[in-house]
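What follows is one structure encoded as C-alpha coordinates, with my remarks underneath.
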Amino acid sequence: MDLIGCSPLDPDLGLGTQIMNFSELPSTQEPNITIIEQPRQRGFHFRYSCEGPTHGGIQGSRVLQNKHTHPAFKVFNYIGPAKIVVQCVTTDEPPLLHVHSVVGKQCTNGICEVYINSNDMIASFPNLGILHVPRRSVAEILEERLVQGWRKENSEGSQLKELTEEEREHIHKAAQQRAKVIDLAVVRLMFTAYLPDNNGTFTLRLEPVLSGPIYDNKVPNTCDLKIVRMDRVCGSAAGGEEMYLLCDKVQKDDIQVRFYEQDENGPLWEAFGKFGPADVHRQYAIVFKTPKYYNNSIKNPVSVLVQLRRRSDGETSDPKPFIYYPPKQDKERVHRKRKKPSQDEPAQNRRQESVNGRGSCILSSITV
DNA sequence: CGGGAAACTAC
DNA sequence: CGTAGTTTCCC
(Lines give C-alpha, C1' and ligand atoms only; values in the text may rest on other atoms or scores of the structure.)
Protein backbone atom coordinates (compact mmCIF):
# COMPACT_ATOMS: atom_id res chain seq x y z
CA MET A 1 0.00 0.00 0.00
CA ASP A 2 2.84 2.30 -0.68
CA LEU A 3 1.11 5.04 -2.51
CA ILE A 4 2.86 7.40 -0.24
CA GLY A 5 6.11 8.86 -1.31
CA CYS A 6 6.15 7.63 -4.87
CA SER A 7 7.80 10.31 -6.85
CA PRO A 8 5.63 11.67 -9.61
CA LEU A 9 8.75 11.90 -11.66
CA ASP A 10 9.49 8.26 -11.48
CA PRO A 11 8.02 6.57 -14.54
CA ASP A 12 7.82 3.24 -12.79
CA LEU A 13 5.85 4.48 -9.87
CA GLY A 14 4.01 7.30 -11.45
CA LEU A 15 0.84 8.57 -9.98
CA GLY A 16 1.53 8.13 -6.36
CA THR A 17 1.34 11.57 -5.03
CA GLN A 18 -2.21 12.26 -4.10
CA ILE A 19 -1.81 10.93 -0.64
CA MET A 20 0.48 12.62 1.78
CA ASN A 21 -0.05 14.40 5.06
CA PHE A 22 0.16 11.18 6.90
CA SER A 23 0.11 11.68 10.62
CA GLU A 24 0.87 9.07 13.19
CA LEU A 25 -1.99 8.02 15.37
CA PRO A 26 -1.74 6.88 18.96
CA SER A 27 -0.92 3.21 18.89
CA THR A 28 -3.37 1.91 21.47
CA GLN A 29 -6.39 0.25 19.90
CA GLU A 30 -5.65 1.92 16.65
CA PRO A 31 -8.59 2.83 14.51
CA ASN A 32 -8.57 0.86 11.32
CA ILE A 33 -10.86 0.21 8.43
CA THR A 34 -12.13 -2.85 6.62
CA ILE A 35 -14.21 -3.44 3.57
CA ILE A 36 -17.27 -5.23 4.86
CA GLU A 37 -18.89 -5.58 1.46
CA GLN A 38 -16.62 -6.00 -1.54
CA PRO A 39 -17.70 -4.63 -4.89
CA ARG A 40 -18.81 -7.26 -7.36
CA GLN A 41 -15.92 -8.38 -9.44
CA ARG A 42 -17.69 -8.86 -12.76
CA GLY A 43 -20.80 -7.83 -14.57
CA PHE A 44 -20.42 -4.11 -14.08
CA HIS A 45 -20.13 -1.83 -17.05
CA PHE A 46 -17.70 1.09 -16.94
CA ARG A 47 -19.19 4.16 -18.61
CA TYR A 48 -17.69 6.79 -20.84
CA SER A 49 -18.43 10.39 -19.96
CA CYS A 50 -20.37 10.67 -23.22
CA GLU A 51 -22.86 8.17 -21.84
CA GLY A 52 -23.98 10.39 -19.05
CA PRO A 53 -23.80 9.75 -15.35
CA THR A 54 -27.03 7.94 -14.67
CA HIS A 55 -26.34 4.32 -15.19
CA GLY A 56 -26.38 2.90 -11.73
CA GLY A 57 -23.77 1.91 -9.28
CA ILE A 58 -21.62 -1.09 -8.77
CA GLN A 59 -23.14 -3.77 -6.60
CA GLY A 60 -21.74 -5.58 -3.65
CA SER A 61 -20.37 -9.05 -4.07
CA ARG A 62 -23.16 -10.76 -2.21
CA VAL A 63 -26.88 -11.02 -2.71
CA LEU A 64 -28.77 -11.04 0.58
CA GLN A 65 -32.47 -11.87 0.75
CA ASN A 66 -32.76 -11.41 -2.96
CA LYS A 67 -31.45 -7.89 -2.67
CA HIS A 68 -28.20 -6.68 -4.04
CA THR A 69 -25.80 -5.25 -1.56
CA HIS A 70 -23.53 -2.27 -2.06
CA PRO A 71 -19.86 -1.81 -1.43
CA ALA A 72 -19.45 -0.81 2.17
CA PHE A 73 -16.80 -0.42 4.71
CA LYS A 74 -16.41 0.25 8.37
CA VAL A 75 -14.12 2.06 10.76
CA PHE A 76 -13.16 0.02 13.78
CA ASN A 77 -11.92 1.24 17.16
CA TYR A 78 -13.24 4.70 16.65
CA ILE A 79 -16.56 6.46 16.83
CA GLY A 80 -16.95 10.02 15.70
CA PRO A 81 -16.68 12.12 12.61
CA ALA A 82 -14.65 10.69 9.77
CA LYS A 83 -14.09 11.51 6.16
CA ILE A 84 -14.04 8.65 3.73
CA VAL A 85 -12.46 8.92 0.33
CA VAL A 86 -12.85 6.42 -2.48
CA GLN A 87 -10.66 6.42 -5.56
CA CYS A 88 -9.83 4.11 -8.42
CA VAL A 89 -6.41 2.52 -8.37
CA THR A 90 -4.72 0.00 -10.61
CA THR A 91 -4.26 -3.68 -9.86
CA ASP A 92 -0.50 -3.23 -9.98
CA GLU A 93 1.61 -3.61 -6.91
CA PRO A 94 2.02 -1.08 -5.59
CA PRO A 95 -1.33 0.33 -6.61
CA LEU A 96 -1.32 3.60 -8.49
CA LEU A 97 -4.11 6.00 -9.10
CA HIS A 98 -6.02 4.92 -12.16
CA VAL A 99 -6.94 7.13 -15.10
CA HIS A 100 -10.47 5.95 -14.58
CA SER A 101 -12.34 7.54 -11.76
CA VAL A 102 -15.33 7.04 -9.55
CA VAL A 103 -18.53 8.85 -10.38
CA GLY A 104 -21.90 8.97 -8.70
CA LYS A 105 -24.00 10.74 -6.16
CA GLN A 106 -21.28 11.10 -3.58
CA CYS A 107 -18.55 11.94 -6.05
CA THR A 108 -17.17 15.15 -7.40
CA ASN A 109 -14.54 15.40 -10.07
CA GLY A 110 -13.22 11.92 -9.89
CA ILE A 111 -13.19 11.15 -6.21
CA CYS A 112 -15.86 10.10 -3.84
CA GLU A 113 -16.00 11.75 -0.47
CA VAL A 114 -18.42 11.04 2.32
CA TYR A 115 -18.56 12.01 5.94
CA ILE A 116 -19.81 9.63 8.56
CA ASN A 117 -20.43 9.94 12.24
CA SER A 118 -22.61 7.13 13.47
CA ASN A 119 -22.59 4.33 15.98
CA ASP A 120 -21.75 1.65 13.49
CA MET A 121 -19.24 3.79 11.58
CA ILE A 122 -20.26 2.10 8.37
CA ALA A 123 -20.10 3.92 5.07
CA SER A 124 -21.94 2.33 2.19
CA PHE A 125 -21.80 3.30 -1.43
CA PRO A 126 -25.00 2.54 -3.32
CA ASN A 127 -24.12 4.62 -6.31
CA LEU A 128 -20.53 4.18 -7.36
CA GLY A 129 -19.86 4.20 -11.06
CA ILE A 130 -16.58 3.86 -12.89
CA LEU A 131 -15.84 6.51 -15.45
CA HIS A 132 -14.01 5.04 -18.43
CA VAL A 133 -11.47 7.35 -19.99
CA PRO A 134 -11.15 7.03 -23.79
CA ARG A 135 -7.93 5.37 -24.82
CA ARG A 136 -6.87 8.33 -26.88
CA SER A 137 -6.98 10.57 -23.81
CA VAL A 138 -5.11 8.33 -21.44
CA ALA A 139 -1.65 9.85 -21.85
CA GLU A 140 -2.96 13.34 -21.62
CA ILE A 141 -4.89 12.66 -18.45
CA LEU A 142 -2.03 10.82 -16.84
CA GLU A 143 0.19 13.75 -17.55
CA GLU A 144 -2.31 16.12 -16.04
CA ARG A 145 -2.43 14.10 -12.90
CA LEU A 146 1.29 13.82 -12.64
CA VAL A 147 1.58 17.54 -12.88
CA GLN A 148 -1.14 17.97 -10.27
CA GLY A 149 0.72 15.59 -8.03
CA TRP A 150 3.91 17.45 -8.54
CA ARG A 151 2.26 20.74 -7.66
CA LYS A 152 0.75 19.33 -4.56
CA GLU A 153 4.03 17.92 -3.43
CA ASN A 154 6.05 20.99 -4.20
CA SER A 155 3.77 23.76 -3.11
CA GLU A 156 3.47 23.02 0.59
CA GLY A 157 1.75 26.00 2.05
CA SER A 158 3.64 28.79 0.44
CA GLN A 159 3.94 29.96 -3.13
CA LEU A 160 3.61 27.44 -5.92
CA LYS A 161 6.64 26.57 -7.93
CA GLU A 162 6.68 25.98 -11.61
CA LEU A 163 8.08 22.88 -13.23
CA THR A 164 11.37 23.19 -14.97
CA GLU A 165 11.50 22.27 -18.61
CA GLU A 166 13.36 19.13 -17.65
CA GLU A 167 10.78 18.05 -15.10
CA ARG A 168 7.98 18.70 -17.51
CA GLU A 169 9.68 16.56 -20.09
CA HIS A 170 10.23 13.81 -17.56
CA ILE A 171 6.58 13.83 -16.59
CA HIS A 172 5.58 13.78 -20.22
CA LYS A 173 7.70 10.69 -20.84
CA ALA A 174 6.40 8.99 -17.73
CA ALA A 175 2.82 9.58 -18.81
CA GLN A 176 3.45 8.25 -22.32
CA GLN A 177 5.13 5.23 -20.85
CA ARG A 178 2.33 4.38 -18.49
CA ALA A 179 -0.36 5.09 -21.03
CA LYS A 180 0.99 2.22 -23.08
CA VAL A 181 0.71 -0.38 -20.35
CA ILE A 182 -2.21 0.70 -18.20
CA ASP A 183 -5.10 -1.73 -18.20
CA LEU A 184 -8.31 0.12 -18.88
CA ALA A 185 -10.45 -2.92 -18.23
CA VAL A 186 -9.84 -3.30 -14.53
CA VAL A 187 -9.71 -1.09 -11.45
CA ARG A 188 -9.71 -1.49 -7.71
CA LEU A 189 -11.33 0.82 -5.23
CA MET A 190 -9.17 2.36 -2.61
CA PHE A 191 -10.89 3.48 0.58
CA THR A 192 -9.14 5.94 2.81
CA ALA A 193 -10.43 7.32 6.07
CA TYR A 194 -9.41 10.59 7.63
CA LEU A 195 -10.08 11.45 11.23
CA PRO A 196 -10.13 14.99 12.59
CA ASP A 197 -7.02 16.39 14.20
CA ASN A 198 -7.00 18.82 17.12
CA ASN A 199 -8.21 21.56 14.87
CA GLY A 200 -11.08 19.48 13.68
CA THR A 201 -9.75 19.14 10.16
CA PHE A 202 -9.55 15.71 8.63
CA THR A 203 -5.84 15.18 8.35
CA LEU A 204 -5.28 11.97 10.29
CA ARG A 205 -5.13 9.42 7.57
CA LEU A 206 -5.71 5.77 8.36
CA GLU A 207 -4.01 3.09 6.33
CA PRO A 208 -6.12 2.72 3.16
CA VAL A 209 -7.75 -0.54 2.15
CA LEU A 210 -8.16 -1.89 -1.35
CA SER A 211 -11.07 -3.72 -2.84
CA GLY A 212 -10.69 -6.72 -5.06
CA PRO A 213 -10.43 -6.12 -8.81
CA ILE A 214 -13.46 -4.85 -10.70
CA TYR A 215 -13.57 -5.88 -14.33
CA ASP A 216 -15.28 -3.88 -17.03
CA ASN A 217 -18.05 -6.04 -18.37
CA LYS A 218 -17.88 -4.34 -21.74
CA VAL A 219 -14.47 -5.78 -22.43
CA PRO A 220 -14.55 -9.21 -24.05
CA ASN A 221 -11.56 -10.65 -22.30
CA THR A 222 -12.82 -9.92 -18.82
CA CYS A 223 -16.58 -9.97 -19.17
CA ASP A 224 -19.00 -12.47 -17.72
CA LEU A 225 -19.29 -15.67 -19.68
CA LYS A 226 -22.74 -16.96 -20.41
CA ILE A 227 -24.26 -19.82 -22.32
CA VAL A 228 -27.45 -18.52 -23.83
CA ARG A 229 -28.68 -21.63 -25.57
CA MET A 230 -27.57 -25.01 -26.86
CA ASP A 231 -29.04 -26.98 -29.70
CA ARG A 232 -28.88 -30.21 -27.77
CA VAL A 233 -28.78 -31.12 -24.15
CA CYS A 234 -27.76 -34.71 -24.49
CA GLY A 235 -25.66 -36.98 -26.64
CA SER A 236 -23.73 -40.19 -27.02
CA ALA A 237 -21.05 -41.10 -24.55
CA ALA A 238 -18.94 -41.85 -27.61
CA GLY A 239 -18.82 -38.10 -28.33
CA GLY A 240 -18.01 -36.65 -31.74
CA GLU A 241 -21.46 -35.19 -32.29
CA GLU A 242 -21.90 -31.71 -33.65
CA MET A 243 -23.36 -29.20 -31.28
CA TYR A 244 -24.25 -25.51 -31.59
CA LEU A 245 -23.97 -23.20 -28.64
CA LEU A 246 -25.06 -19.57 -28.51
CA CYS A 247 -23.33 -17.35 -26.01
CA ASP A 248 -22.59 -13.82 -24.89
CA LYS A 249 -19.56 -12.27 -26.48
CA VAL A 250 -16.44 -14.43 -26.44
CA GLN A 251 -13.08 -14.32 -28.17
CA LYS A 252 -12.49 -17.06 -30.67
CA ASP A 253 -8.92 -17.78 -29.60
CA ASP A 254 -9.60 -17.74 -25.93
CA ILE A 255 -12.66 -19.84 -25.31
CA GLN A 256 -13.32 -23.45 -24.39
CA VAL A 257 -16.41 -25.55 -23.94
CA ARG A 258 -15.86 -27.65 -20.89
CA PHE A 259 -17.83 -30.79 -20.11
CA TYR A 260 -17.35 -31.95 -16.57
CA GLU A 261 -18.61 -33.93 -13.70
CA GLN A 262 -18.03 -33.29 -10.04
CA ASP A 263 -19.18 -34.20 -6.62
CA GLU A 264 -18.83 -32.48 -3.27
CA ASN A 265 -15.21 -33.58 -3.13
CA GLY A 266 -14.35 -31.79 -6.32
CA PRO A 267 -13.90 -32.51 -10.00
CA LEU A 268 -14.26 -36.08 -11.21
CA TRP A 269 -13.89 -35.71 -14.92
CA GLU A 270 -13.57 -33.05 -17.58
CA ALA A 271 -13.19 -32.92 -21.35
CA PHE A 272 -13.46 -30.18 -23.91
CA GLY A 273 -15.62 -29.67 -26.95
CA LYS A 274 -13.58 -29.86 -30.14
CA PHE A 275 -13.47 -26.81 -32.36
CA GLY A 276 -11.15 -24.24 -33.83
CA PRO A 277 -11.26 -20.44 -33.92
CA ALA A 278 -13.14 -20.55 -37.23
CA ASP A 279 -15.96 -22.43 -35.53
CA VAL A 280 -16.69 -19.44 -33.36
CA HIS A 281 -19.20 -17.35 -35.24
CA ARG A 282 -18.84 -13.60 -34.79
CA GLN A 283 -18.08 -13.98 -31.09
CA TYR A 284 -21.59 -15.19 -30.30
CA ALA A 285 -21.87 -18.81 -31.33
CA ILE A 286 -19.68 -21.89 -31.20
CA VAL A 287 -20.03 -25.01 -33.31
CA PHE A 288 -18.11 -27.94 -31.91
CA LYS A 289 -18.00 -31.70 -31.50
CA THR A 290 -18.93 -33.17 -28.17
CA PRO A 291 -16.09 -34.88 -26.34
CA LYS A 292 -16.43 -38.52 -25.47
CA TYR A 293 -17.30 -39.51 -21.98
CA TYR A 294 -14.44 -41.23 -20.18
CA ASN A 295 -16.49 -44.36 -19.85
CA ASN A 296 -17.98 -45.17 -23.22
CA SER A 297 -19.60 -48.36 -22.05
CA ILE A 298 -21.99 -46.80 -19.61
CA LYS A 299 -25.25 -48.69 -19.27
CA ASN A 300 -27.34 -45.79 -18.03
CA PRO A 301 -27.53 -42.12 -18.84
CA VAL A 302 -25.07 -39.94 -16.97
CA SER A 303 -25.67 -36.31 -16.07
CA VAL A 304 -22.79 -33.96 -16.56
CA LEU A 305 -22.41 -30.20 -16.92
CA VAL A 306 -21.24 -27.92 -19.70
CA GLN A 307 -19.75 -24.51 -19.23
CA LEU A 308 -17.77 -21.94 -21.16
CA ARG A 309 -14.27 -21.40 -19.97
CA ARG A 310 -11.87 -18.63 -20.82
CA ARG A 311 -8.41 -20.01 -21.31
CA SER A 312 -6.54 -16.84 -20.36
CA ASP A 313 -7.95 -16.32 -16.90
CA GLY A 314 -9.77 -19.57 -16.20
CA GLU A 315 -13.11 -17.80 -15.75
CA THR A 316 -16.13 -19.97 -16.31
CA SER A 317 -19.79 -19.47 -17.08
CA ASP A 318 -22.65 -20.90 -15.10
CA PRO A 319 -23.03 -24.50 -16.21
CA LYS A 320 -25.84 -26.09 -18.18
CA PRO A 321 -26.83 -29.71 -17.73
CA PHE A 322 -25.95 -32.27 -20.36
CA ILE A 323 -26.72 -35.96 -20.46
CA TYR A 324 -24.57 -38.72 -21.92
CA TYR A 325 -26.34 -41.78 -23.20
CA PRO A 326 -24.85 -45.21 -23.72
CA PRO A 327 -23.40 -45.28 -27.22
CA LYS A 328 -25.05 -47.67 -29.67
CA GLN A 329 -22.68 -49.21 -32.14
CA ASP A 330 -24.75 -52.20 -33.02
CA LYS A 331 -26.32 -51.54 -36.43
CA GLU A 332 -29.07 -54.08 -36.03
CA ARG A 333 -30.06 -52.71 -32.70
CA VAL A 334 -30.12 -49.28 -34.24
CA HIS A 335 -32.61 -50.31 -36.87
CA ARG A 336 -34.72 -52.08 -34.41
CA LYS A 337 -34.78 -49.06 -32.17
CA ARG A 338 -35.55 -46.62 -34.93
CA LYS A 339 -38.68 -48.48 -35.78
CA LYS A 340 -39.83 -48.96 -32.28
CA PRO A 341 -38.16 -47.38 -29.29
CA SER A 342 -38.29 -49.87 -26.50
CA GLN A 343 -40.60 -49.37 -23.58
CA ASP A 344 -37.91 -49.55 -20.97
CA GLU A 345 -36.11 -46.57 -22.35
CA PRO A 346 -35.70 -44.17 -19.42
CA ALA A 347 -38.51 -41.68 -19.16
CA GLN A 348 -36.02 -38.88 -19.22
CA ASN A 349 -35.08 -39.84 -22.73
CA ARG A 350 -38.48 -39.20 -24.04
CA ARG A 351 -38.76 -35.96 -22.22
CA GLN A 352 -35.52 -34.75 -23.71
CA GLU A 353 -36.68 -35.90 -27.08
CA SER A 354 -39.61 -33.55 -27.05
CA VAL A 355 -37.58 -30.67 -25.75
CA ASN A 356 -34.78 -31.03 -28.20
CA GLY A 357 -35.64 -29.13 -31.35
CA ARG A 358 -32.81 -30.53 -33.35
CA GLY A 359 -34.08 -34.05 -33.22
CA SER A 360 -34.23 -36.86 -30.82
CA CYS A 361 -31.41 -37.38 -28.41
CA ILE A 362 -31.96 -41.06 -28.88
CA LEU A 363 -31.48 -40.86 -32.58
CA SER A 364 -28.54 -38.54 -32.27
CA SER A 365 -26.88 -40.92 -29.95
CA ILE A 366 -27.42 -43.77 -32.34
CA THR A 367 -26.26 -42.04 -35.45
CA VAL A 368 -22.61 -42.61 -36.25
C1' DC B 1 -31.54 2.27 -14.54
C1' DG B 2 -29.53 -1.60 -17.73
C1' DG B 3 -28.81 -3.24 -22.00
C1' DG B 4 -28.24 -3.71 -27.00
C1' DA B 5 -26.63 -1.99 -31.00
C1' DA B 6 -24.79 1.47 -34.17
C1' DA B 7 -20.79 3.98 -35.50
C1' DC B 8 -16.23 4.53 -35.75
C1' DT B 9 -11.28 2.80 -35.66
C1' DA B 10 -7.37 -0.14 -36.27
C1' DC B 11 -5.65 -3.78 -38.01
C1' DC C 1 -12.61 -6.43 -47.68
C1' DG C 2 -13.73 -8.77 -42.65
C1' DT C 3 -13.08 -9.06 -37.88
C1' DA C 4 -12.68 -7.34 -33.51
C1' DG C 5 -11.95 -3.56 -30.34
C1' DT C 6 -13.52 0.98 -28.87
C1' DT C 7 -16.73 4.68 -28.36
C1' DT C 8 -21.12 6.63 -28.81
C1' DC C 9 -25.95 6.44 -29.07
C1' DC C 10 -30.38 5.36 -27.74
C1' DC C 11 -34.36 2.56 -26.28
Side-chain angles (χ1 to χ4, degrees), chain A residues 37 39-72 86 88 90-91 98-108 110 112 124-144 175-176 178-187 189 213-229 244-257 275-288 308-313 315 317-318:
Chain A
E37 184 66 48
R40 238 184 88 186
Q41 200 164 347
R42 288 177 203 278
F44 185 71
H45 182 165
F46 300 0
R47 297 290 178 162
Y48 291 84
S49 58
C50 65
E51 292 186 276
T54 54
H55 285 278
I58 187 163
Q59 292 159 350
S61 56
R62 295 174 301 171
V63 177
L64 300 174
Q65 287 117 38
N66 252 330
K67 283 210 193 82
H68 286 112
T69 55
H70 303 296
V86 191
C88 287
T90 63
T91 49
H98 204 107
V99 267
H100 294 343
S101 54
V102 286
V103 288
K105 289 203 174 67
Q106 302 146 308
C107 310
T108 45
C112 180
S124 88
F125 300 87
N127 191 254
L128 275 186
I130 309 290
L131 182 73
H132 190 300
V133 160
R135 189 170 289 282
R136 61 174 183 275
S137 321
V138 168
E140 186 189 332
I141 290 171
L142 280 172
E143 187 165 342
E144 232 168 72
Q176 299 288 321
R178 275 189 50 66
K180 270 187 261 174
V181 297
I182 194 164
D183 190 346
L184 298 181
V186 54
V187 303
L189 298 179
I214 303 168
Y215 296 98
D216 184 3
N217 202 45
K218 198 78 168 186
V219 173
N221 66 354
T222 55
C223 63
D224 262 343
L225 294 171
K226 188 178 166 197
I227 296 175
V228 176
R229 194 159 166 170
Y244 287 25
L245 180 156
L246 307 187
C247 52
D248 280 359
K249 187 178 273 196
V250 297
Q251 294 178 119
K252 65 177 187 301
D253 295 308
D254 191 26
I255 192 70
Q256 300 174 305
V257 181
F275 63 96
D279 298 312
V280 177
H281 179 71
R282 304 268 172 108
Q283 307 187 283
Y284 291 101
I286 306 173
V287 180
F288 61 96
L308 290 172
R309 192 187 126 119
R310 189 156 49 217
R311 222 188 286 272
S312 56
D313 63 1
E315 267 307 294
S317 71
D318 286 342

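Chain letters run A, B, ... following the sequence lines, proteins first, then strands; residues in each count from 1.
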Rounded to whole Å, NE2 of His55(A) lies from P of dT8(C) at a distance of 13 Å

Quick check on dT3(C): is either OP1 or OP2 less than 4.0 Å from any side-chain nitrogen or oxygen of Arg282(A)? yes

Of all pairs that satisfy salt bridge (Lys or Arg N to Asp or Glu O under 4.0 Å), the ones with a partner from residues 133-143 of chain A, not counting sequence neighbours: none

Check the phosphate of dT7(C) against Tyr48(A), side-chain N and O only, distance under 4.0 Å to OP1 or OP2. Yes or no? yes

Pairing pattern in dot-bracket form [Watson-Crick, G-U; both distances under 3.5 Å; | = partner strand] for DNA chain C: .||||||||||

How close or far is atom C1' of dC11(B) from atom CZ of Arg135(A), stated in whole angstroms? 14 Å

So, taking the atom named CG in Asp216(A) and the one named CG in Leu184(A), what distance separates them when rounded to the nearest 0.5 Å? 9.0 Å

Hey, does the side-chain of Arg136(A) have a donor or acceptor N/O within less than 3.5 Å of a partner on the base of dG5(C)? no

When all nucleic acid strands are considered with a 4.0 Å heavy-atom cut-off, which category describes Lys218(A): base, sugar-phosphate, or nothing? base

Atom CG in Leu308(A), atom CG in Asp224(A): separation rounded to 0.5 Å? 11.5 Å

Is the distance between the ring centroids of Tyr48(A) and His132(A) under 6.0 Å? yes

Nucleotide dA4(C), atom P - distance to NE2 of His281(A) in whole Å: 10 Å

Parallel, tilted or perpendicular: which describes the rings of Phe46(A) and His100(A), with under 30° parallel and over 60° perpendicular? perpendicular

Spacing of His98(A) atom NE2 and Leu189(A) atom CG [to the nearest 0.5 Å]: 11.5 Å

Whole-Å distance between dC1(B) P and Ile58(A) CD1? 14 Å

Check every atom of dT8(C), dG2(B), dT3(C) against the side chain of Lys252(A) and return the nucleotide holding the closest atom. dT3(C)

dT3(C) OP1/OP2 closer than 4.0 Å to side-chain N/O of Gln251(A): no

